[in-house]
Amino acid sequence: MLDLKFIRENAGAVRHAIQVKGMDLDLDELLALDHELLGLRQRVEAMQAERNANAKLVPKATADERPTLIVKGKELGEELRALEPALRAHEEQLRQLLLRVPNIPHVSVPVGKDDSENVELRREGVLPEFAFKPLDHVELLELQGWSDPERVAQVSGSRSYLLKGEAVLLELAVQMFALDFLSVRGFTPLSTSALVRPETFVGSGHFPGGEDQVYKIEGDELMLAGTSEVPVNSLYAGEQLPLTALPMTFAAISAAFRSEAGSAGRDVRGLIRVHEFRKVEQYVLCRADETEALVWFGKILQNAEDLLTALELPYRVVQNCTGDMGAGKVLMYDLESWVPSEGLYRETHSCSYLGDWQARRTNLRYRDEDGKLTYAHTLNNTGIATPRILVPFLENHQQADGTIRVPEALQPYLAGKISLGKPVR
RNA sequence: GGGGGGUUGGCCGAGUGGUUGAAGGCAGCAGUCUUGAAAACUGCAGUGGGCUUAGCCCACCGGGGGUUCGAAUCCCUCACCCCUCGCCA
């Protein structure tokens with residue numbers, strides 16, 4: 001959410017953001033509504049002032065004067081009640097529009113319509129060369145007896161996965177590795193529930209708009225979050241933090257659920273796109289200072305890059321264009337890891353800076369140096385997401401005999417093993 | 001799942017339906033005192049919004065709704081917290 005005052009005073013910039021982000025929103029409608037609401041509110045407040053003044057006279061009035069005042073109060077009350085529905089409707093309507101107003105992209109963001117116009121910034125790591133015919137991750141899992149696609153489909157439908165044997169240890173090892181890695185860098189580990197209230201999605205900015213991506217719990221007012229960004233963003237909702245509480249940095253581990261509505265037919269095979277997965281997420285809450293926030297952006301990006309480097313996975317850094325970055329974001333970079341079987345890079349991490357857009361929605365403020373209440377800034381980035389990261393992991397580290405090489409950094413998390421699986425060739 | 005008790009300003013805590021935006025305390029800020037600090041004393045001090053902006057007005061006592069001339073105070077409802085009985089990994 002943006003400050004209404006800011007929107008009024010910078011209508012041009014907001015209109016531009018709406019356009020380059022490809023959003024369907026009529027700013028003039030919002031501004032007109034805002035203007036109308038202001039007039040309405042002034043009328044209502046004037047009447048409230050009159051009502052209050054009248055009510056204050058009653059206890060001091062004589063017995064003769066009293067009935068007249070009470071009648072007047074009744075009339076004022078009725079008039080007010082007549083205006084209230086309109087006022088409330090206007091407020092709600094404005095709020096709905098306000099929730100859709102996108103954040104202003106950083107000056108560095110390239111303008112583009114969708115992910116095809118994202119800009120590659122650099123490539124890191126060395127692409128593997130195989131002296132044998134490499135398999136894709138689905139074949140590797142099958143080869144080692146680490147999956148059971150037919151049976152899991154029978155139990156949980158499509159887009160569900162099952163791991164078996166050492167692949168399970170690998171999944172947990174990768175998660176634990178990421179958690180340790182971030183914890184050493186000062187991020188507080190957090191284990192969060194994916195089960196959240198609907199308003200937390202409004203807070204994170206996923207609602208309105210992303211409703212169809214979210215699973216609802218029948219009979220409860222709860223839903224399943226697609227990332228711990230959702231609960232963590234609402235953790236301090238409504239609070240007034242002391243300046244000393246910031247920055248807050250979290251490494252939040254949780255299950256993540258996504259309905260994947262609208263992506264039917266895409267990536268149905270394997271571990272790339274599943275309904276339920278697990279993730280270690282980096283989340284940062286800092287002061288409302290863009291310079292400081294961008295330093296944090298660099299840090300959480302570097303953390304993710306260092307994780308990929310430690311896992312010995314080649315990747316590239318991509319800057320998302322305006323059309324692919326989402327309403328709330330000021331700046332967004334994706335990390336894409338190399339998938340040999342497809343001969344391309346696929347998104348495994350997503351790094352975002354949202355300014356105070358989320359904190360306004362959750363009403364999360366802190367007292368600045370001058371004691372002024374200020375909305376905090378928020379950032380987030382993937383730490384590691386499984387099983388998706390296992391796709392590049394298995395494929396890049398496969399060996400001629402069908403076993404999977406374990407990078408040195410991960411070995412302590414796998415009881416010192418240097419490879420996984422049995423030699424099968 | 002049953003029963004009981006709660007939710008008031010940054011924190012603690014009082015509050016009889018009528019100048020209560022809310023006593024008191026702590027923390028905060030400014031000042032007096034002091035070589036300095038502490039203590040003590042004095043004063044300031046909630047958040048958001050509007051306007052004809054040294055000021056005035058409106059809203060806010062967990063959320064929403066209601067009763068009333070008037071609600072922190074009465075009623076309904078939802079959420080959360082605590083206690084207790086039962087069940088349970």
Side-chain angles (χ1 to χ4, degrees), chain A residues 1-9 30-99 191-203 207 216-223 230-231 234-246 248 255 285 287-288 356 359-376:
Chain A
M1 200 151 73
L2 292 180
D3 181 14
L4 187 54
K5 229 179 251 166
F6 175 88
I7 298 174
R8 285 181 200 140
E9 288 160 12
L30 186 152
L31 292 170
L33 193 65
D34 171 45
H35 188 73
E36 255 178 75
L37 179 62
L38 187 63
L40 193 57
R41 189 172 277 147
Q42 282 169 356
R43 274 173 64 199
V44 168
E45 284 186 7
M47 289 178 65
Q48 284 173 328
E50 206 182 334
R51 178 202 59 191
N52 293 349
N54 184 257
K56 267 185 195 166
L57 294 178
V58 174
K60 286 182 248 165
T62 62
D64 313 342
E65 296 166 333
R66 219 165 264 214
T68 324
L69 290 172
I70 288 175
V71 168
K72 192 180 172 203
K74 263 190 194 171
E75 283 168 7
L76 284 167
E78 269 162 45
E79 281 179 69
L80 260 173
R81 261 190 286 279
L83 276 178
E84 263 164 21
L87 181 68
R88 241 172 268 165
H90 272 71
E91 280 172 344
E92 181 52 26
Q93 228 180 322
L94 182 65
R95 178 176 156 77
Q96 285 310 315
L97 287 174
L98 225 38
L99 285 175
S191 176
T192 66
S193 174
L195 217 45
V196 293
R197 289 238 168 85
E199 57 265 31
T200 60
F201 286 102
V202 176
F207 290 1
K216 291 188 182 137
I217 303 301
E218 185 75 40
D220 261 311
E221 273 296 291
L222 292 172
M223 299 179 169
V230 177
S234 280
L235 207 52
Y236 296 90
E239 295 195 33
Q240 301 176 9
L241 302 170
L243 187 58
T244 50
L246 299 177
M248 287 197 208
L285 242 150
R287 296 191 306 171
D356 66 9
R360 273 181 194 282
R361 291 173 162 246
T362 55
N363 193 27
L364 167 54
R365 297 174 297 174
Y366 68 93
R367 292 221 179 255
D368 70 10
E369 293 84 343
D370 306 321
K372 220 178 125 223
L373 284 171
T374 311
Y375 292 102

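Sequence lines set the chain letters: A, B, ... in the order given, protein chains first and strands last, and positions in each chain run from 1.
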Enquirer: Find the partner of B:G70: check Watson-Crick (N1-N3 plus N6-O4 or O6-N4) and G-U wobble (N1-O2, O6-N3) distances, both under 3.5 Å, and reply none if neither fits.
Expert: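 Partner of B:G70: none.
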Enquirer: Measure the distance from CG on A:Asp370 to C1' on B:A30 and round it to the nearest whole Å.
Expert: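 After rounding, the gap between these two atoms is 16 Å.
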Enquirer: Check the pair A:Lys5 / A:Arg8 against side-chain contact (heavy atoms from CB on, under 4.5 Å), numbers first and verdict last.
Expert: CA-CA 5 Å; A:Lys5 229 179 251 166; A:Arg8 285 181 200 140; 4.1 Å; yes
Enquirer: Please write out the pairs of protein N or O atoms and N or O atoms of nucleotides 62-67 of chain B separated by less than 3.5 Å, giving the distance to one decimal.
Expert:
{"residue": "B:G65", "atom": "OP1", "partner": "A:Arg88", "partner atom": "NH1", "Å": "3.2"}

Enquirer: Tell me: CG of A:Asp3 to P of B:G49, nearest whole Å?
Expert: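 Going from CG in A:Asp3 over to P in B:G49 covers 8 Å.
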Enquirer: Generate the contact string for nucleotides 55-60 of chain B. Rules: B means base contact, S means sugar-phosphate contact only, - means no protein heavy atom under 4.0 Å.
Expert: --SBS-
Enquirer: For B:G28, what is the paired nucleotide under Watson-Crick or G-U wobble rules, both distances under 3.5 Å?
Expert: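 The base-pairing partner of B:G28, which may sit in any strand shown, is B:C44.
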Enquirer: Between B:A27 and B:G18, how far apart are the C1' atoms? Round to whole Å, please.
Expert: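 It comes out at 33 Å once rounded to the nearest Å.
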Enquirer: Mind calculating the distance between CZ (A:Arg8) and C1' (B:G49) to the nearest angstrom?
Expert: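 My rounded result for the distance is 10 Å.
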Enquirer: Measure the distance from CG on A:Leu37 to P on B:G48 and round it to the nearest whole Å.
Expert: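 Checked: the CG to P distance equals 19 Å.
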Enquirer: Can you tell me the distance, in whole Å, between the CE atom of A:Met1 and the P atom of B:G48?
Expert: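 One finds 14 Å between P of B:G48 and CE of A:Met1, rounded.
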Enquirer: How many angstroms lie between CZ in A:Arg51 and NZ in A:Lys56, if you round to the nearest 0.5 Å?
Expert: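 If I round to the nearest 0.5 Å, the distance is 11.0 Å.
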Enquirer: Please determine whether side-chain contact (heavy atoms from CB on, under 4.5 Å) holds for the pair A:Met223 and A:Ile217, giving the CA-CA distance in whole Å, both sets of side-chain angles, and the decisive distance to 0.1 Å.
Expert: CA-CA 6 Å; A:Met223 299 179 169; A:Ile217 303 301; 5.9 Å; no
Enquirer: Using 4.0 Å as the upper bound for N to carboxylate O, is an ion pair formed by A:Asp368 and A:Lys372?
Expert: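 Salt bridge flag = no for A:Asp368 with A:Lys372.
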Enquirer: Does B:G62 have a Watson-Crick or wobble partner in any strand here, with both distances under 3.5 angstrom, and which is it?
Expert: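 Check on B:G62: paired to B:C78, both distances under 3.5 Å.
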Enquirer: Main chain of A:Ala288, side chain of A:Tyr366: is a donor-acceptor contact present, judged purely on distance under 3.5 Å?
Expert: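 Confirmed, A:Tyr366 side chain pairs with A:Ala288 backbone.
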Enquirer: Which pairs, protein N/O on one side and nucleotides 18-20 of chain B N/O on the other, fall under 3.5 Å?
Expert:
{"residue": "B:G18", "atom": "N2", "partner": "A:Ala55", "partner atom": "O", "Å": "3.0"}

Enquirer: With rounding to the closest Å, how many angstrom separate the C1' atoms on B:G64 and B:C80?
Expert: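 15 Å, rounded to whole Å.
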Enquirer: What is the pairing partner of B:G55, taking Watson-Crick or G-U wobble pairs with both distances under 3.5 Å in any strand?
Expert: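 Base partner found: B:C51.
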Enquirer: With the threshold set at 4.0 Å, does a side-chain nitrogen-carboxylate oxygen contact exist between A:Glu369 and A:Arg287?
Expert: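 Counted as a salt bridge, because a side-chain N and a carboxylate O are separated by less than 4.0 Å.
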Enquirer: In whole Å, what separates the P atom of B:G86 from that of B:U68?
Expert: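 Roughly 46 Å separates the two P atoms.
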Enquirer: Mind checking side-chain contact (heavy atoms from CB on, under 4.5 Å) for A:Arg88 and listing every partner two or more places apart, or none if nothing turns up?
Expert: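 By the side-chain contact (heavy atoms from CB on, under 4.5 Å) rule, A:Arg88 matches A:Glu84, A:Glu91.
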Enquirer: For nucleotides B:G21 and B:C60, find the distance between their P atoms and express it as a whole number of Å.
Expert: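 Approximately 11 Å lies between the P atom of B:G21 and that of B:C60.
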Enquirer: Taking atom C1' in both B:A23 and B:C12, what distance in whole Å separates the two?
Expert: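 Pairwise C1' distance, B:A23 against B:C12, rounds to 14 Å.
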Enquirer: Take atom CZ of A:Arg197 and atom C1' of B:C78, then tell me their distance rounded to the nearest Å.
Expert: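 Value for this atom pair: 10 Å.
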Enquirer: Over all strands shown, is A:Leu38 touching base, sugar-phosphate only, or nothing at heavy-atom distances under 4.0 angstrom?
Expert: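 Result for A:Leu38 = sugar-phosphate.
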Enquirer: Please report the distance, rounded to the nearest Å, between OH in A:Tyr366 and C1' in B:G28.
Expert: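 Going from A:Tyr366 (OH) to B:G28 (C1'), I get 18 Å.
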Enquirer: Considering only atom P, compute the distance from B:G65 to B:U73 and round it to an integer number of Å.
Expert: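 Roughly 14 Å separates the two P atoms.
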Enquirer: Between the protein and nucleotides 9-11 of chain B, which nitrogen or oxygen pairs come in under 3.5 angstrom?
Expert:
{"residue": "B:G10", "atom": "OP1", "partner": "A:Gln240", "partner atom": "OE1", "Å": "3.3"}

Enquirer: Determine the Euclidean distance between corresponding C1' atoms of B:G70 and B:U20; express it in Å to zero decimal places.
Expert: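 Those two atoms are separated by 13 Å.
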Enquirer: Counting only non-hydrogen atoms, which of residues 69-80 of chain A are less than 4.0 Å from RNA chain B?
Expert: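 Within this stretch, A:Ile70, A:Gly73, A:Lys74 sit under 4.0 Å of the strand.
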Enquirer: Could you tell me the separation between the CZ atom of A:Arg365 and the P atom of B:U47, rounded to a whole number of Å?
Expert: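 Checked: the CZ to P distance equals 9 Å.
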Enquirer: Taking only the P atom of each, what is the distance from B:C58 to B:U8 in whole angstrom?
Expert: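 26 Å, rounded to whole Å.
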